Asker: 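Sharing a structure, written as structure tokens. Questions coming.
Treat the numbers as computed from the prediction; the structure is a model and nothing was measured.
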Amino acid sequence: TTLQPLPPRVSTPALTHTTRRQIIGLDAEFFSVIDGSHNRRGNLSRKPRVGVLALVCKDDDGLCKVLFRKIIKPRLTADEELNLERKYTGVTWSDYHNGIHYDQAMVEVKSLLKDAIVVGHDIESDERALRFSVSSVAHRVIDTATNPELNHLVPSERGKSKSKLSVLTSALLGRDIQSSAVHDPVEDAFASLEIFLKYREIFEEAVSPCSSKTATLLDGTGRTIRLE
């Protein structure tokens with residue numbers, strides 16, 4: 001009997017081979033919206049809305065390049081009241097009035113993210129505040145908060161379902177971020193991006209082949225990503 005050669009192995013494209021695609025770090029700081037009708041009934045309902053959004057990448061010199069950093073005015077109904085959460089966002093009402101409306105911002109953001117590899121930390125929280133799925137426009141979505149192998153590199157984060165970006169950045173990149181209550185989304189987005197770029201082999205191992213066109217990112221998100 002003549003043995004037939006094995007069929008070629010089908011594998012997913014490696015993250016290390018995707019440098020032609022733009023890799024973008026994303027982070028958002030949140031305003032909150034209170035439903036005034038519930039509030040009048042004594043039932044306070046507070047929901048996050050994107051307040052300040054940053055998209056960054058690395059330039060040719062390895063420095064942070066800001067692609068987008070803007071204050072976003074959310075859609076509000078007549079019963080909704082906006083809280084700028086100034087303690088955390090640093091945004092004043094004067095700043096807010098110079099922001100751009102949500103619909104305009106999303107046109108710009110979706111254009112920038114189209115077919116890119118997008119990296120964020122606890123990116124599902126950002127998506128809830130953005131009110132759209134990043135994976136609907138991006139080529140891949142990477143979450144640095146939920147990768148068990150990455151978290152295992154930092155003793156204090158081992159076994160946690162979600163790590164803290166400030167702890168990862170200090171341990172893995174050797175610098176401090178979020179040193180005050182007000183968070184800078186540019187700083188946080190760039191930290192997530194650098195963590196991914198430095199430890200991309202870990203995220204490569206977190207991609208399991210399912211078919212020639214799709215795979216599941218096994219980092220705790222259960223997110224399906226496109227590979228074509």
Asker: Sequence neighbours excluded, which residues qualify as side chain to side chain contact (heavy atoms under 4.5 Å, CB included) partners of S170?
Answerer: D176
Asker: Quick check on R158: does its CZ atom have over 12 non-hydrogen neighbours (other residues, nucleotides or ligands) under 6.0 Å away?
Answerer: yes
Asker: Only counting residues at least two apart or in another chain, list the ones meeting side-chain hydrogen bond (donor to acceptor under 3.5 Å, both in side chains) with S156.
Answerer: none
Asker: Please check: side-chain N/O of R49 versus main-chain N/O of F30, any donor-acceptor pairing under 3.5 Å?
Answerer: no
Asker: Just jot down the side chain to side chain contact (heavy atoms under 4.5 Å, CB included) partners of K198, sequence neighbours excluded, or say none.
Answerer: L173
Asker: Under a single-linkage rule joining Ile, Leu, Val, Met, Phe, Trp and Tyr whose side-chain heavy atoms are separated by less than 4.5 Å, which residues share a cluster with I71?
Answerer: F31, V33, V52, L76, L82, L84, V91, W93, Y96
Asker: Check side-chain hydrogen bond (donor to acceptor under 3.5 Å, both in side chains) between N83 and all other residues, then give those that pass, not counting sequence neighbours.
Answerer: none
Asker: Run the numbers on I23 and K58 for side-chain contact (heavy atoms from CB on, under 4.5 Å), then give the verdict.
Answerer: CA-CA 8 Å; I23 305 176; K58 268 195 171 186; over 6 Å; no
Asker: Considering only Ile, Leu, Val, Met, Phe, Trp and Tyr, and joining two whenever side-chain heavy atoms are under 4.5 Å apart, list the other residues clustered with V182.
Answerer: none
Asker: Looking only at atom types and distance, does a side-chain atom of D61 sit under 3.5 Å from a main-chain N or O of L63, one as donor and one as acceptor?
Answerer: no
Asker: Run the salt bridge (Lys or Arg N to Asp or Glu O under 4.0 Å) test on R175 and E194 for me, step by step, so that the C-alpha distance in whole Å, both residues' side-chain angles and the decisive distance to 0.1 Å come before the verdict.
Answerer: CA-CA 12 Å; R175 69 171 186 266; E194 286 199 295; 2.6 Å; yes
Asker: Which residues pass the side-chain hydrogen bond (donor to acceptor under 3.5 Å, both in side chains) test with E157, sequence neighbours left out?
Answerer: K160
Asker: Measure the shortest side-chain to side-chain distance between L150 and F203 over non-hydrogen atoms and say whether it is less than 4.5 angstrom.
Answerer: yes
Asker: Give the C-alpha distance, both sets of side-chain angles, the deciding distance and a yes or no for side-chain contact (heavy atoms from CB on, under 4.5 Å) between Q22 and I117.
Answerer: CA-CA 6 Å; Q22 187 160 35; I117 297 169; over 6 Å; no
Asker: Is a salt bridge present between R46 and D35, judged by a nitrogen-to-oxygen distance below 4.0 Å?
Answerer: no
Asker: How close do E124 and D143 get, heavy atom to heavy atom, and via which atoms?
Answerer: N-OD2, 4.3 Å
Asker: Kindly compute the distance separating CZ (R140) from CZ (R21), expressed to the nearest 0.5 Å.
Answerer: 8.5 Å
Asker: Side chains of T92 and S94: donor-acceptor distance under 3.5 Å anywhere?
Answerer: no
Asker: Check side chain to side chain contact (heavy atoms under 4.5 Å, CB included) between T77 and all other residues, then give those that pass, not counting sequence neighbours.
Answerer: D79, E80
Asker: To the nearest 0.5 Å, tell me how far I72 CD1 sits from D103 CG.
Answerer: 11.0 Å
Asker: Looking at every heavy atom in both H121 and S192, which two are closest together, and how far apart are they?
Answerer: CB-OG, 3.4 Å
Asker: Could you pull out all residues at least two apart from R128 that satisfy salt bridge (Lys or Arg N to Asp or Glu O under 4.0 Å)?
Answerer: none
Asker: Where the side chain of K65 meets the backbone of V56, is there a donor-acceptor pair that is under 3.5 Å apart?
Answerer: no
Asker: On a heavy-atom basis, which atom in G90 and which in D95 lie closest, and how many Å separate them?
Answerer: O-OD2, 3.8 Å
Asker: Quick one: are L172 and V154 in side-chain contact, heavy atoms under 4.5 Å?
Answerer: yes
Asker: How about OH on Y88, more than 12 heavy atoms from neighbouring residues, nucleotides or ligands closer than 6.0 Å, or not?
Answerer: no
Asker: Are Q178 and D188 packed together at the side-chain level, in the sense that at least one heavy-atom pair is separated by less than 4.5 angstrom?
Answerer: yes
Asker: Do you know the tightest heavy-atom contact between V119 and I123?
Answerer: C-CD1, 4.5 Å
Asker: Could you tell me the separation between the CD1 atom of I195 and the CG atom of N147, rounded to the nearest 0.5 Å?
Answerer: 11.0 Å
Asker: For D126 and D27, work out which heavy atoms get closest and say how close.
Answerer: OD2-CA, 4.1 Å
Asker: Please check if the side chain of T169 supplies one atom and the backbone of L165 the other of a donor-acceptor pair under 3.5 Å.
Answerer: yes
Asker: Any side-chain heavy-atom pair from V50 and P74 closer than 4.5 angstrom?
Answerer: no
Asker: Does one side chain, of S32 or E85, offer a donor that lies under 3.5 Å from an acceptor on the other?
Answerer: yes
Asker: Among all residues two or more places apart in sequence or in another chain, which pass the side chain to side chain contact (heavy atoms under 4.5 Å, CB included) test with Q104?
Answerer: I100, E108
Asker: Within 45° of the axis and under 6.0 Å from the centre of the six-membered ring of F132, does NZ or CZ of K110 qualify?
Answerer: yes
Asker: When you look at L26 and E127, which way does the side-chain contact (heavy atoms from CB on, under 4.5 Å) test go after all the steps?
Answerer: CA-CA 10 Å; L26 177 152; E127 286 181 315; over 6 Å; no
Asker: Looking at every non-hydrogen atom in both residues, tell me the closest pair between F196 and I142 and how far apart they are.
Answerer: CD1-CG2, 3.9 Å
Asker: Output the distance between atom OH (Y199) and atom CG (L153), rounded to the nearest 0.5 Å.
Answerer: 6.0 Å
Asker: For the pair T144 (side chain) and G120 (backbone), establish whether a donor and an acceptor sit closer than 3.5 Å, ignoring hydrogens and angles.
Answerer: yes
Asker: Taking only residues two or more places apart in sequence, or in another chain, which ones meet S163 in a side-chain hydrogen bond (donor to acceptor under 3.5 Å, both in side chains)?
Answerer: N151
Asker: Does D122 have any salt bridge (Lys or Arg N to Asp or Glu O under 4.0 Å) partners at least two apart in sequence or in another chain, and if so, which?
Answerer: K162
Asker: Could you please spell out the steps behind the side-chain contact (heavy atoms from CB on, under 4.5 Å) verdict for V109 and M106?
Answerer: CA-CA 5 Å; V109 168; M106 289 304 99; 4.2 Å; yes
